[in-house]
Amino acid sequence: MNVIYPLAVPKGRRLCCEVCEAPAERMCTACTVTYYCGPVHQKADWASIHEKICQLLIPLRTTMPFYNSEEERQHGLQQLQKRQKHLIEFCYTVAQKYLFEGRHEDAVPAALHSLRFRMNMHGLSSVELVPAYLLLAEASLGLGRIVQAEEYLSQARWTVLKSTDCSNATHSLLHRNLGLLYMAKENHEEARYHLANDIYFASCAFGTEDIRTSGGYFHLANVFHGLKKMELADTLYTKVSEIWYAYLNNHYQVLLQARTQQTDLLGKQLVNDTGLDEAQEAEAIQILTSILSIRESTSDKAPQKTVFVLKTLSMLYFLMLECSKAKEYASRALSLAEEHLSVQEQKVIQELLDIISTEEEEPIT
């Protein structure tokens, strides 16, 4: 049974639901340190994040053991902080991945965990809380809860205003989410203002051609596309595609060079790698497939642009070790190239397709 018996709860202790903070009536029997208001929120939290971190919560939510010396106590505290940092980043990445996959409901519990761990570690007014507020705002937007999104964004904005050491990367994320909010409210002027600021701060943090800056270009392109300003949208979609192609092609070329030597610089067996975490891979898929959909709707006018995105997606999936999808996109690129592009361009795509086919037959392990 996972029902909480009131008499078993220490006097004065209030147990709250992990998802909504309402009074708890049941707990997770696997870790016995996580509580819920009912089965609906328990199932939601389990599906989102709890299954992945259940056992990791035990040392964080139980009383620290007695240590024989100050040295042992300090070591114990350091280990506790390391666990908290790991869970902050892990929950954040999982929530981000859900958002890029369009799984907004699943993102909420993971984002809430990231927020609470940040509060425990950094306090209630730290700028470190802002990324989690922004995740919750984006999830709320995806669920059509605009008022709730505005509340999270107001909290994030206020925290940034009070801070004296907010990074350019955090400013970028804040403006991106404000841009998304105004896009949802169809206030295109405000959306453009905030997305332009997003691009500015991301460029200061990472450079104008970095994949972490590309999201701002992409959302700004969507604004122009919605306003039927196709030339501006097209320019920005092209820039986003080129940024991702340059990044992925660099990893692809490194892989090809290493494969000729059979081993990498460390002498270990070679494994394909995008250099991205799971959330960034999901972002790349979301952005590139969205651009592909737009390109394919006008491919008769500019087939080379459609081929370019297909080729980029093929490299992405190849580096993610998803050879069947990589082959599908490369085949589509070759088919379109044979109709519209030069023999040289067809040769480049054919070489990519051959490498993918070889990998599919003899996967690297």
Between D106 and S48: side-chain donor-acceptor atoms closer than 3.5 Å = no

ask   = Which pair of non-hydrogen atoms, one from A330 and one from I349, has the smallest distance, and what is that distance?
value = O-CG2, 3.6 Å

note = Closest non-hydrogen contact found for C91 with I53 is SG-CD1, 4.1 Å

ask   = Is any NZ, NE, NH1 or NH2 atom of the basic residue among R61 and E18 found under 4.0 Å from an Asp or Glu carboxylate oxygen of the other?
value = yes

task = Find out if a path of hydrophobic residues (ILVMFWY) with successive side-chain heavy-atom gaps under 4.5 Å connects V309 to L352.
result = yes

inquiry  = Side chains of E150 and K185, heavy atoms from C-beta outward: is any pair under 4.5 Å?
reply    = yes

query = Does R212 come within less than 4.0 Å of E283, counting only side-chain N to carboxylate O?
reply = no

ask   = Is K229 positioned over the aromatic face of F224, cation under 6.0 angstrom from the ring centre and no more than 45 degrees off axis?
value = no

inquiry  = We want to know whether T235 and T238 form a side-chain donor-acceptor pair, criterion being a heavy-atom distance below 3.5 angstrom.
reply    = no

inquiry  = What I want to find out is whether E89 reaches K85 closely enough, with some N-O distance under 4.0 Å, to be called a salt bridge.
reply    = no

query = Is the H194 to Y182 ring centre distance short of 6.0 Å?
reply = yes

query = Can you tell me if S331 uses its side chain to pair, donor with acceptor, with the backbone of K327 under 3.5 Å?
reply = yes

ask   = Going from CD on E70 to CG on L77, what distance comes out if it is rounded to the nearest 0.5 angstrom?
value = 8.0 Å

query = If you take all heavy atoms of C28 and H50, which pair is closest and at what distance?
reply = SG-NE2, 3.4 Å

Which pairs would a plain distance check flag for residues 240-247, meaning a side-chain donor or acceptor within less than 3.5 Å of a matching protein atom at least two apart in sequence or in another chain?
from	atom 1	to	atom 2	distance (Å)
S241	OG	Y237	O	2.9
W244	NE1	S214	OG	3.1
Y247	OH	H251	NE2	3.3
Y247	OH	T274	O	2.8
Y247	OH	G275	O	3.4

ask   = Would you call D354 and K347 a salt bridge, using N to O less than 4.0 angstrom?
value = no

key: Shortest non-hydrogen contact from D198 toward S172   = OD1-OG, 2.6 Å

message = Restricting to non-hydrogen atoms, name the atom on T208 and the atom on S203 that form the minimum distance, rounded to 0.1 Å.
response = CG2-OG, 3.6 Å

task = Please work out whether the ring planes of H171 and F201 are parallel, tilted or perpendicular, with thresholds of 30° and 60°.
result = parallel

key: Pi-cation contact, Y133 with R118 (under 6.0 Å, within 45°)   = no

query = So, are E345 and K311 salt-bridged, with charged N and O less than 4.0 Å apart?
reply = yes

query = Rounded to the nearest 0.5 Å, what separation is found between the CD1 atom of I291 and the CG atom of N222?
reply = 8.0 Å

ask   = Going by atom types only, do H113 and D45 share a side-chain donor-acceptor pair under 3.5 Å?
value = yes

Name each donor-acceptor pair under 3.5 Å that joins a side chain in residues 136-147 to protein atoms two or more places apart or in another chain, with its distance.
from	atom 1	to	atom 2	distance (Å)
S140	OG	L136	O	2.8
S140	OG	Q148	OE1	3.4

query = Can you check side-chain hydrogen bond (donor to acceptor under 3.5 Å, both in side chains) on Q155 and E151, steps first, answer last?
reply = CA-CA 6 Å; Q155 188 67 52; E151 288 174 3; over 6 Å; no

query = Any donor-acceptor pair under 3.5 Å linking the side chain of S314 with the backbone of L310?
reply = no

message = Is the ring pair F318/Y252 parallel, tilted or perpendicular, if the boundaries are 30 and 60 degrees?
response = perpendicular

query = Side chains of Q257 and Q253: do they bring a donor and an acceptor to under 3.5 Å?
reply = no

key: Under-4.0 Å salt bridge between K97 and D277   = no

ask   = Taking all non-hydrogen atoms of both residues, which atom of Q346 and which atom of L341 are closest, and how far apart?
value = NE2-O, 3.1 Å

